[in-house]
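Below: one structure, written as structure tokens.
Atom set for the values below is all heavy atoms of this structure, side chains included, hydrogens, waters and symmetry mates excluded. Remember, it's a predicted structure, so these values are computed and weren't measured experimentally. Per chain, numbering begins at 1; letters A, B, ... match sequence-line order.
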Protein chains: 2
Amino acid sequence: MISSETIGAVAGVTSDQVRKDLSHLGSMGKRGTGYAVPRLRDALVASLGLGRLLTVAVVGAGNLGMAIGGFPDYRAGGFAVKALYDVNPNRTGGSLSGLPIRHVDEFAADSAQAPYDIGVITTPPDAAREVADMMVKAGTRAILNFAPVTLGCQGEVPVRNVRVVEEMQILAHYLEPSDA
Amino acid sequence: MISSETIGAVAGVTSDQVRKDLSHLGSMGKRGTGYAVPRLRDALVASLGLGRLLTVAVVGAGNLGMAIGGFPDYRAGGFAVKALYDVNPNRTGGSLSGLPIRHVDEFAADSAQAPYDIGVITTPPDAAREVADMMVKAGTRAILNFAPVTLGCQGEVPVRNVRVVEEMQILAHYLEPSDA
DNA sequence: TAGATTGTTAATCGATTAACAATC
DNA sequence: TAGATTGTTAATCGATTAACAATC
């Protein structure tokens, strides 16, 4: 058993917040005693859709793309990297540590049955927007953009129903004004 | 000149929001005509501290670290990658496309004069928390964590004054519950 | 003057926090 | 019963949106 107080202390939020959030799952706790951990975990897994690995496609088989897609450390923890895509036929067709490297033209067909949960963009900046549009059209559920360019809200396909994480760009906003 | 209406249309927000936000800079606009672009830009640059490049240090000179730190595309756009750090003496001492590869023990001393704006963690997961603590102690202003591990709010040094971007982990939260 | 657009005040909305009756 | 802790309702807070007088 665990109390909302304990969960809050561990997570760095208030017990009120924990109870409020958990109440969305229904009445999971027992008054006077707290929450049964196994039952709570099962309910969270079911609610958040963590019962399966999130599928990942990496587009851009350059150094960054291969580093993210190809190495074991970055293939752990709830994510299943399914394929690496590139536009250059010289790079495609083979595989990298068991990860197939496919031509970017095959992305849509590969997505037809089951869209990717996460599309990672590791192309040069001038190709990023085009790739993002392609992913949106193919039903990719989230886009993580590592190309040093802001995709923003313009483009052929409006980015809706898809969260675009503008990596470095967004980070800059977190910084306080320069003291220099 | 540009109006709040036009800025809002481009940025995808309402004109009210634009005016509200810009009012923090003081009275920059002219009623009836809008905002003078050069004056507005200057005020934004001054306020957001964009007058200089944000300095970046990458810790972990593995494939990912070298891809992010060493290649031109990822060194553009307002960021100046200053150094790559690693714990393995066999990897340190040299340079990668002009970027010095230094031993991680030198990080604190290198930060003493001018702390890094952004510290990028590209180590294996079991070293990430230790590196984050080191960065916080050294005054690093923001941390971008690429190690597939959640740094969270625990650790030797509480993470204060520093935004930790939990890469893949945070992204998962953006996804809606699985439909599978 | 008349049309346009700002800057600010008021209203709305949602999320967080506080409080507490319910109840284990 | 008495202490503990939930689940929910009310209060607070901040941010977004609406409205409009000021004024270019």
To the nearest 0.5 Å, what is the distance between OH on B:Y116 and OG1 on B:T55?
7.0 Å
Measure the distance from CD1 on A:I2 to P on D:dA4 and round it to the nearest whole Å.
18 Å
B:E5 atom CD, neighbour heavy-atom count above 12 within 6.0 Å:
no
Can you work out whether A:K20 or A:G32 has the more 5'-proximal nearest nucleotide on DNA chain D?
A:G32
Below 4.0 angstrom from OP1 or OP2 of C:dG7, is there any side-chain N or O of B:Y35?
yes
Polar side chain donor-acceptor pair, A:S4 to A:R19, under 3.5 angstrom
yes
When the distance from CG of A:L25 to P of D:dT8 is rounded to whole Å, what number comes out?
12 Å
Is there a donor-acceptor pair under 3.5 Å between the side chain of A:H103 and the backbone N or O of A:P89?
no
Does A:S27 put a side-chain nitrogen or oxygen below 4.0 Å from OP1 or OP2 of D:dG7?
yes
Listed nucleotide nearest any side-chain atom of A:D16, set D:dG7, C:dT5, C:dA18
C:dA18
Rounded to whole Å, the CG-C1' distance (B:L40 to C:dG7) equals 14 Å
Nearest-Å distance, CE (B:M28) to P (D:dT23)?
19 Å
Of B:T122, B:D110, B:T123, the one forming a side-chain hydrogen bond (donor to acceptor under 3.5 Å, both in side chains) with B:Y85 is B:D110
Rounded to the nearest Å, what distance is computed from the NE2 atom of residue B:H24 to the C1' atom of nucleotide D:dA15?
10 Å
Checking only heavy atoms, does the side chain of B:R31 share a donor-acceptor pair with the base of D:dT23 at less than 3.5 Å?
no
Would you give the length of the straight line joining atom CG of A:L40 to atom CG of A:L25, rounded to the nearest 0.5 angstrom?
7.0 Å
Starting at CZ of A:R19 and ending at P of C:dA19, how long is that distance when rounded to a whole Å?
12 Å
Want to know the stems of DNA chain D: at least 3 consecutive Watson-Crick or G-U pairs with distances under 3.5 Å, which are they?
C:3-24 with D:3-24
Residue A:K30, side-chain heavy atoms: nucleotide from C:dC24, C:dA19, D:dA22 that is nearest
C:dC24
Tell me which of A:T33 and B:S23 sits closer to the 5' end of DNA chain C, going by the nucleotide each one is nearest to.
B:S23
Select base, sugar-phosphate, or nothing to describe what A:S4 touches, counting heavy atoms under 4.0 Å on all strands.
sugar-phosphate
Nearest whole angstrom, please: distance from the P of C:dA19 to the CD of A:E5.
14 Å
Verify the contact: side-chain N or O of A:Q17 to OP1 or OP2 of C:dA15, cut-off strictly under 4.0 Å; return yes or no.
no
